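I have placed the structure first, in the form of structure tokens, so that the comments after it can refer back to it.
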Amino acid sequence: MPPVTDQPKKWFQTTAIDYPNSRPHIGTAFEKVGADVQARYRRMEGYDVLFLMGNDENTLKVADKAKELGLEPQVYCDDMARQFREVWGALDISYDVFIQTSHERHKECCRKFIQKVYDNGHIYKGAYEGWFCPGCEEFKSEKLHKENAGLCPNHNRPLVRRSEPCWYFKLSSFADRLLAFLKDNPEYVQPDSRRNEAIGFIEAEGLEDLNISRHGKEWGIPLPFDEDFTTYVWFDALLTYITGIGYGDDETQFHKNWPADMHFIGKDITRFHCHYWPAMCWAAGIEPPKHVFSHGFVNNDGTKIGKSMGNVVEPREIIAKSSVDAYRYYFMRECAYPGDGDYSGKRYEEVCDSELSNKLGNLLSRCITVGAKSFDAVLTGTAGRVPDKVTVDFDAAKVVAEVRTAVENCDYNLALQAIILKVCAPANQYIDTEAPWKLVKGTAEEKERGKIVIFNVIHSLRIASILLKPFIPRSAEIIYTSFNFPKPWSELTYADAAELHAQPDDMRVIATLIDGKVKPLFPRLA
RNA sequence: GGCGGGGUAGCUCAGUGGUUAGAGCAAUCGCUUCAUAAGCGAUGGGUCGCCGGUUCAAACCCGGCCCUCGCUACCA
């Protein structure tokens with residue numbers, strides 16, 4: 001990804017939109033948290049951020065599920081959307097726009113887009129032939145037909161050959177352009193492994209035209225040029241990325257934000273974003289997005305999460321036992337965002353206790369206690385003083401650059417590792433070596449020295465809090481606002497962490513104290 | 001079957017030819033007691049998937065094999 005300085009000052013990002021068949025679990029949330037970290041980071045860096053999320057509701061399965069519960073599909077969708085948004089709220093996901101594809105505004109914009117693609121000559125009528133399951137009322141892939149001996153895995157009945165009229169999108173005509181696009185723009189989709197798959201697929205098999213119509217008029221978006229058909233959900237779902245910012249409706253807002261700077265998606269839908277989506281954009285005469293980031297999946301104690309596995313964990317179960325920030329920290333720290341990760345209760349406690357409670361929170365506590373008890377919360381004489389390095393090789397600018405690069409590449413685990421190892425650990429070593437709690441009991445000179453040690457460690461905490469802001473916003477703010485740093489919390493950028501500079505006033509501890517102590521930032525879990 | 005990743009300490013991983021293979025966590029021991037029974041230090045622990053080859057020298061290069069994960073178009 002290009003460095004911040006080379007980017008225009010707007011940042012439009014999206015996550016994949018979710019099926020509201022069931023409530024979000026820790027896997028669904030993984031994507032949102034990772035996207036949120038990026039959005040918060042970009043806001044810190046001065047971007048005008050627009051962060052879009054939503055639910056994908058125009059599938060017959062959603063309508064079926066509603067029927068099962070005796071609800072109107074729209075009522076069901078709206079209620080699920082409410083529940084999704086509650087979970088995202090509980091995770092402090094800072095989205096700006098939430099799209100429901102069953103809402104009229106999205107549908108209207110969709111129809112305009114599809115009509116445009118049709119008018120541009122990229123859609124034609126044909127027939128789709130394949131293996132059909134009358135039970136599922138849907139076509140199955142050749143692969144499934146072959147692997148399952150011609151039987152439907154759900155109904156155990158033979159699949160039948162069937163042909164029906166449909167509308168095709170001329171995807172094949174974009175194959176060469178797509179291949180060149182993917183090869184010429186290595187940063188379009190990350191990580192590289194996903195890009196290789198996307199390229200490999202076209203090289204190996206080419207691209208066939210895409211059937212974009214489905215039967216089932218009662219739920220979905222009718223094709224604008226043939227109301228007998230509804231739109232294939234993917235052709236509609238991808239369009240949230242533009243209908244959510246005013247395509248065909250508010251051209252000013254649309255042109256301000258498009259093309260998207262980043263689509264966060266799961267690795268399972270990489271192909272839709274590497275093959276269909278850019279081609280669809282070209283077909284409608286708009287630019288394709290700039291970047292797609294395809295993250296990995298989260299397992300539960302080594303096994304894949306699924307309803308059938310009975311191992312679904314919802315975010316709030318974990319948050320209730322710890323905190324939002326602990327939750328965000330664990331998944332960003334322990335699960336490498338581009339790859340797969342694992343959730344286990346034991347590991348969760350280990351990581352949160354070792355790093356958040358012991359290395360970070362405890363450092364804040366010991367600093368504040370010594371500062372408050374021995375100096376009455378005011379480090380007199382530190383006004384104008386430039387902090388010393390806590391270790392000989394400590395280099396704030398270098399650490400910030402490292403963390404910045406990691407965040408921009410969505411290597412969140414590396415970013416957090418660097419913060420703990422290169423900011424918090426040295427500060428703990430330093431405070432231990434200098435032992436200010438001993439110095440303050442000695443001569444006036446020693447007491448003065450102890451004061452400076454605390455002062456220096458507080459600046460390490462300041463750096464850590466700024467770097468941690470996108471990850472654990474609440475806790476980072478508590479750290480920062482425990483002291484009288486002059487720059488407001490809301491105005492900080494990563495550059496503020498890159499140097500040790502003086503401040504005009506004496507350093508003060510302004511955190512709320514109870515018996516000279518501060519409330520633990522991250523209470524230990526184990 | 002085809003293509004592409006990966007297999008390194010109990011766990012998560014770093015390490016693309018050169019001194020006794022590294023980090024964090026976990027484990028054990030010591031120091032410390034300002035602090036959230038936290039911190040700091042030290043120690044133990046690895047025939048670097050297997051076999052063969054190239055080389056003065058291989059975790060790293062080459063060949064074969066085993067295992068594992070992903071992709072292989074109409075469920076998304």
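Side-chain atoms are counted along with the backbone in the values below, which use heavy atoms only and exclude waters and symmetry mates. Worth saying up front: this structure is predicted, and the values here are computed from it rather than measured. Chain naming here is simple, since letters A, B, ... match the order of the sequence lines and numbering starts at 1 in each.
- Across the C1' atoms, B/rU43 and B/rG7 are found 29 Å apart, a figure rounded to whole Å.
- The base-pairing partner of B/rC3, taking Watson-Crick or G-U wobble contacts with both distances under 3.5 Å, is B/rG70.
- Listed here is the closest heavy atom pair of A/Asp56 and A/Val62: O-CG2, 4.3 Å.
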Quiz prompt | Contact pattern, 5' to 3', of nucleotides 6-15 of chain B - B, S or - by protein heavy atom under 4.0 Å | solution = ----------

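- Here B/rG63 sits opposite B/rC51 as a Watson-Crick or G-U wobble pair (both hydrogen-bonding atom distances under 3.5 Å).
- Computed from coordinates, the A/Arg195 CZ to B/rC71 C1' distance equals 16 Å when rounded to whole Å.
- B/rA23: Watson-Crick or G-U partner is B/rU12, with both key distances under 3.5 Å.
- With sequence neighbours left out, the side-chain hydrogen bond (donor to acceptor under 3.5 Å, both in side chains) criterion links A/Thr59 to no other residue.
- The same atom, P, is picked in B/rG15 and in B/rC3; the two are 26 Å apart, to the nearest Å.
- Side-chain contact between A/Ser482 and A/Ile368 is present, with at least one heavy-atom pair separated by less than 4.5 Å.
- For the pair A/Asp236 and A/Arg214, the salt-bridge criterion is not met [side-chain N within less than 4.0 Å of a carboxylate O].
- Residues A/Gly244 and A/Leu52 come closest through the heavy atom pair CA-CD1, 3.5 Å.
- When Watson-Crick and G-U wobble pairs are counted only if both distances are under 3.5 Å, B/rG44 pairs with no nucleotide at all.
- Contacts between residues 445-455 of chain A and RNA chain B, defined by a heavy-atom separation below 4.0 Å, involve no residue at all.
- Note on A/Arg194: every side-chain N or O is 4.0 Å or more away from OP1 and OP2 of B/rG5.
- Taking the six-membered ring where the residue is Trp, the centroids of A/Tyr337 and A/Phe30 are separated by under 6.0 Å.
- Across all strands shown, A/Tyr128 has heavy atoms under 4.0 Å from base atoms, whether or not it also approaches the sugar-phosphate.
- When the C1' atom is used for both B/rA59 and B/rG46, the distance is 11 Å, rounded to whole Å.
- The 5' end of RNA chain B is approached more closely, in terms of each residue's nearest nucleotide, by A/Asn196 than by the other of A/Ala237 and A/Asn196.
- With a 4.5 Å cut-off on side-chain heavy atoms, A/His25 and A/Val298 do not count as touching.
- For A/Glu203 and B/rG4, the CD to P distance is 11 Å, given to the nearest whole Å.
- The nucleotide B/rC34 finds no pairing partner, because no Watson-Crick or G-U wobble arrangement with both distances shorter than 3.5 Å includes it.
- The CG atom of A/Asn299 sits 13 Å away from the C1' atom of B/rU68 (whole-angstrom rounding).
- Mapping A/Leu171 and A/Asp56 onto RNA chain B by nearest heavy atom places A/Leu171 closer to the 5' end of the strand.
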Exercise. Using a 4.0 Å cut-off on protein heavy atoms (strictly under), produce a 5'-to-3' string for nucleotides 32-44 of chain B with B for base contact, S for backbone-only sugar-phosphate contact, and - for none.
Key: -SBBB-SBSS---

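- At whole-Å resolution of the value, CH2 in A/Trp131 and C1' in B/rA73 are 17 Å apart.
- Within the 4.0 angstrom heavy-atom criterion, base atoms lie near A/Leu207.
- The list of ring-ring contact (aromatic ring centres under 6.0 Å, His included) pairs with a residue in residues 431-453 of chain A, not counting sequence neighbours, is empty.
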Check residues 510-526 of chain A and write down every donor-acceptor pair under 3.5 Å in which the side-chain atom is one partner and the other belongs to a residue at least two apart or another chain.
from, atom 1, to, atom 2, distance (Å)
A/Arg524, NH1, A/Asn358, OD1, 3.0

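- In this structure, the CZ atom of A/Phe297 is 9 Å from the P atom of B/rG70, given to the nearest Å.
- Both distances falling under 3.5 Å, in either a Watson-Crick or a G-U wobble arrangement, place B/rC56 opposite B/rG18.
- Among the protein residues, A/Glu205 comes within range of the nucleic acid bases, having at least one heavy atom under 4.0 Å from a base atom.
- Between A/His215 and A/Phe229, the distance separating the two ring centers is shorter than 6.0 angstrom.
- Here, B/rG45 and B/rG10 have their P atoms 11 Å apart, quoted to the whole Å.
- Taking atom P in both B/rA21 and B/rC29, one finds a spacing of 27 Å when rounded to whole Å.
- Rounded to a whole Å, the NZ atom of A/Lys304 is 16 Å from the P atom of B/rU68.
- Look at CD on A/Glu355: it is 16 Å from P on B/rA23, rounded to the nearest Å.
- Between A/Lys267 and A/Glu197 there is no salt bridge, since no side-chain nitrogen of the basic residue lies less than 4.0 Å from a carboxylate oxygen of the acidic one.
- In summary, A/Asp393 and A/Lys398 do not engage in a salt bridge, as defined by a charged side-chain N under 4.0 Å from a carboxylate O.
- Residues A/Glu334 and A/Tyr343 have side chains not in contact (no heavy-atom distance under 4.5 Å, counting atoms from C-beta outward).
- Spacing between B/rG49 and B/rG39 at atom P, rounded to whole Å, works out to 33 Å.
- With hydrogens and angles ignored, the 3.5 Å screen pairs no side-chain donor or acceptor of A/Thr15 with any backbone N or O of A/Lys32.
- For the C1' atoms, the distance linking B/rU19 with B/rA38 amounts to 39 Å, nearest Å.
- Nucleotides B/rG6 and B/rC62, compared at atom P, are 12 Å apart to the nearest Å.
- Atoms OH (A/Tyr276) and P (B/rA73) sit 10 Å apart, rounded to a whole Å.
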